[in-house]
S.K.: 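One structure is given below, represented as structure tokens, and several questions about it will come after.
Indexing begins at 1, ligand by ligand and atom by atom, following the structure's order. All of these numbers come straight from a predicted model, not from anything done at the bench.
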Amino acid sequence: MLSYQHAFHAGNHADVIKHLCWLGVINALKKKDKPFTLYDSHAGAGCYDLADAMSTKNKEYESGISRFMDADVRQPLLNDYLALCHDFLSLNHYPGSPVISAQAKRDSDVLHLMELHPAEFNKLNSYIGKLRKPNSHVHKRDGYEGLRALTPPKPNRGAILIDPPYEKASEYLDVVKGIQSVFKRWQQAQIVVWYPLLSERAGAKHGASESMCDKLAELGTPCFKAEICVSQNTTDAGMYGSGVLVLNPPWQLDQQLSDVLNEITPLMGESASSSLQWLNQDN
Ligand SMILES: C[S@@+](CC[C@H](N)C(=O)[O-])C[C@H]1O[C@@H](n2cnc3c(N)ncnc32)[C@H](O)[C@@H]1O
């Protein structure tokens, strides 16, 4: 049964690192005229009202976007992200990954959004419909099954965002299997995987992201991971940070992301820290 609802977490520190990285990937694809295809295997509701009961329950956006939404920023990628978010934030909304993709892509680029939760799917479908962006497709289907059915794209350029809720411990292995299956048909796929960093309190899930990253590195594809932590990893910290692992990353995304993390981390609180590490170097 699907119970996760992203509205409780919209705009938090995890959304910030994930959406900055995803936008960096899209920006790099846009450097060539040739169209590309974007896939979002776990799309969510598309856009979130930061004033509704779910978002205001824990006000997680206060650990993320609220920290720097009005700052005068230097890094171009950070500037692009805030420019894209601006119109939504002015309505007290936060754009999820589907809206970021739909806004950032060109009309000729294709977008496939997969969401399984019936209520989240209905919200997503209605929101993406209102944006009226050509070549944007919303699918009520399992994200991994959708990736198997819809990849490789023609032409063979594009990227995948994999952002599961990780409610069950088995979901970490699902990510690895899903990516193995994509690479069998589409080795050039640029893939961004978001993962939580969980303290011992998470029980069986503690350490699961770290071993998932090890397994993904063992695939041998060039990849790096970038992480932001907002508190210390004490026993009962819960989710103390999160990261993105990028397979087949575009040229210079590592530097751009590192520069952005260096700019925002001091704004994320006294205990905040960030890092970027290549697992398989691109030669
Ligand atoms: C973390 S949220 C997505 C947030 C979104 N990517 C963003 O950044 O705005 C994960 C979503 O995946 C959905 N989901 C869970 N299992 C799924 C599956 N097997 N296939 C497609 N969607 C799934 C959940 O209903 C939830 O809406």
Side-chain angles (χ1 to χ4, degrees), residues 1-26 38-50 52 54-55 58 60-61 64-65 81 84-85 88-89 93-104 111-128 131 136-151 159-179 181-182 191-198 205 209 212 228 239 242-246:
M1 199 190 80
L2 295 160
S3 56
Y4 179 93
Q5 289 196 288
H6 195 67
F8 288 103
H9 314 289
N12 69 1
H13 57 88
D15 266 1
V16 165
I17 187 169
K18 170 180 53 184
H19 295 156
L20 276 164
C21 180
W22 183 236
L23 185 60
V25 169
I26 299 172
L38 301 174
Y39 302 86
D40 193 337
S41 61
H42 297 72
C47 195
Y48 303 93
D49 180 352
L50 297 181
D52 78 10
M54 287 186 275
S55 293
N58 297 318
E60 289 196 19
Y61 47 82
I65 187 74
Y81 168 65
L84 192 154
C85 290
F88 298 92
L89 291 171
H93 289 178
Y94 181 78
S97 53
V99 170
I100 289 176
S101 303
Q103 293 292 97
L111 174 61
H112 289 290
L113 302 164
M114 270 84 78
E115 172 56 49
L116 210 47
H117 190 294
E120 297 293 269
F121 170 82
N122 288 342
K123 287 180 198 163
L124 176 68
N125 202 23
S126 132
Y127 206 90
I128 294 297
L131 288 181
S136 299
H137 309 285
V138 185
H139 308 258
K140 190 177 187 179
R141 70 198 298 176
D142 173 75
Y144 301 112
E145 181 276 318
L147 290 179
R148 277 197 301 279
L150 301 168
T151 61
I160 301 173
L161 175 64
I162 302 185
D163 181 26
Y166 297 106
E167 287 187 296
K168 290 179 280 172
S170 58
E171 289 183 63
Y172 295 86
L173 198 52
D174 292 343
V175 172
V176 179
K177 287 185 191 157
I179 290 175
S181 156
V182 167
I191 306 183
V192 175
V193 181
W194 176 85
Y195 57 86
L197 291 170
L198 303 171
K205 291 195 231 166
S209 289
M212 179 182 78
I228 188 156
M239 186 171 96
S242 76
V244 278
L245 188 145
V246 191

S.K.: Once ring-ring contact (aromatic ring centres under 6.0 Å, His included) is applied, do any residues pair with Tyr94, and if so which ones, sequence neighbours excluded?
M.R.: His19
S.K.: With atoms numbered from 1 as shown, which atoms in ligand 1 lie under 4.0 angstrom from a non-hydrogen atom of Lys18?
M.R.: 7 (C), 8 (O)
S.K.: Distance to 0.1 Å, residue and atom name: give those for the protein heavy atom nearest to atom 15 (C) of ligand 1.
M.R.: Leu2 CD2, 3.5 Å
S.K.: Do the non-hydrogen side-chain atoms of Lys18 and Val192 ever get within less than 4.5 Å of each other?
M.R.: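 No - every pair of side-chain heavy atoms lies 4.5 Å or more apart.
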S.K.: Would you check whether His19 reaches within less than 4.0 Å of ligand 1, judged by its heavy atoms?
M.R.: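 Contact check His19 vs ligand 1: positive.
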S.K.: So, Asp174 and Lys177, do they make that salt bridge, N to O below 4.0 Å?
M.R.: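 So Asp174 does not pair with Lys177 through a salt bridge.
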S.K.: List ligand 1 atoms under 4.0 Å from Pro165, heavy atoms only on the residue side.
M.R.: 10 (C), 12 (O), 15 (C)
S.K.: Looking only at heavy atoms, what is the nearest atom pair of Tyr172 and Pro196, with distance?
M.R.: OH-CG, 3.6 Å
S.K.: Hey, could you give me the CD1/CG distance between Ile179 and Leu147, rounded to the nearest 0.5 Å?
M.R.: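 The CG atom of Leu147 is 9.0 Å from CD1 of Ile179, to the nearest 0.5 Å.
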S.K.: As a quick check of understanding, evaluate ring pair (Phe, Tyr, Trp, His ring centres under 6.0 Å) for His139 and Tyr39, giving each step before the final call.
M.R.: CA-CA 11 Å; His139 308 258; Tyr39 302 86; 8.9 Å; no
S.K.: I need the contact type for Ala43 against ligand 1. Using non-hydrogen atoms and a strict under-4.0 Å cut-off, is it side chain, backbone, both or neither?
M.R.: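 The part of Ala43 near ligand 1 is the backbone, not the side chain.
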S.K.: Just to check, does Arg141 reach to within less than 4.0 Å of ligand 1 when the distance is taken from its heavy atoms?
M.R.: yes
S.K.: Kindly list each side-chain donor-acceptor pair under 3.5 angstrom involving residues 41-50, sequence neighbours excluded, with atom names and distances?
M.R.:
residue: Ser41; atom: OG; partner: Leu161; partner atom: O; Å: 3.3
residue: Tyr48; atom: OH; partner: Ala45; partner atom: N; Å: 3.0
residue: Asp49; atom: OD1; partner: Ala51; partner atom: N; Å: 2.9

S.K.: For atom 2 (S) of ligand 1, what's the nearest protein heavy-atom neighbour? Residue, atom name and distance, please.
M.R.: Tyr4 CE2, 3.4 Å
S.K.: Counting only heavy atoms, tell me which of Asp163, Asp174, Leu113 gets closest to atom 4 (C) of ligand 1.
M.R.: Asp163
S.K.: Please give me the minimum heavy-atom distance between Pro95 and Ile100, naming the atom from each residue.
M.R.: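 In terms of heavy atoms, the two residues are closest at O-CD1, 3.7 Å.
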S.K.: Please list the nearest protein heavy atom to atom 20 (N) of ligand 1 with its residue and the distance rounded to 0.1 Å.
M.R.: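 Nearest protein contact, heavy atoms only, for atom 20 (N) of ligand 1 is Gly143 N, 2.8 Å.
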S.K.: Would you mind telling me if ligand 1 is within reach of the side chain of His42, the backbone, both or neither, using heavy atoms under 4.0 Å?
M.R.: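 For His42, the contact with ligand 1 is made by both the backbone and the side chain.
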S.K.: Using a strict cut-off of 4.0 Å, indicate which atoms of ligand 1 neighbour a heavy atom of Leu116.
M.R.: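 Matching atoms, with element in brackets: 18 (C), 19 (N), 20 (N), 21 (C), 22 (N), 23 (C).
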S.K.: For atom 9 (O) of ligand 1, what's the nearest protein heavy atom and its distance?
M.R.: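 Here the nearest protein heavy atom works out to Ser97 N, 2.8 Å.
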S.K.: Indicate yes or no: at least one non-hydrogen side-chain atom of Tyr81 is less than 4.5 angstrom from one of Ile65.
M.R.: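 Result yes, sub-4.5 Å side-chain heavy-atom pair found.
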S.K.: Considering distance alone, does some N or O of Asp142 sit under 3.5 Å from an N or O of ligand 1?
M.R.: yes
S.K.: In terms of residue, atom name and distance, what is the protein heavy atom nearest to atom 26 (C) of ligand 1?
M.R.: Glu115 OE1, 3.6 Å
S.K.: State whether Lys168 and Glu171 are salt-bridged, where the test is any N-O pair (Lys NZ or Arg NE/NH1/NH2 against Asp/Glu carboxylate O) under 4.0 Å.
M.R.: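 No, this pair does not count.
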S.K.: List ligand 1 atoms under 4.0 Å from His117, heavy atoms only on the residue side.
M.R.: 25 (O)
S.K.: Show which atoms of ligand 1 fall inside a sub-4.0 Å distance from at least one heavy-atom site of Gly96.
M.R.: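 Contacts of ligand 1 toward Gly96, numbered from 1: 9 (O).
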S.K.: Going by heavy atoms, is Ser41 under 4.0 Å from ligand 1?
M.R.: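 Within the 4.0 Å threshold, so yes.
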S.K.: Where do Leu245 and Tyr195 come nearest, in terms of heavy atoms and distance?
M.R.: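 Looking at all heavy atoms of both residues, the shortest contact is N-CE2, 3.7 Å.
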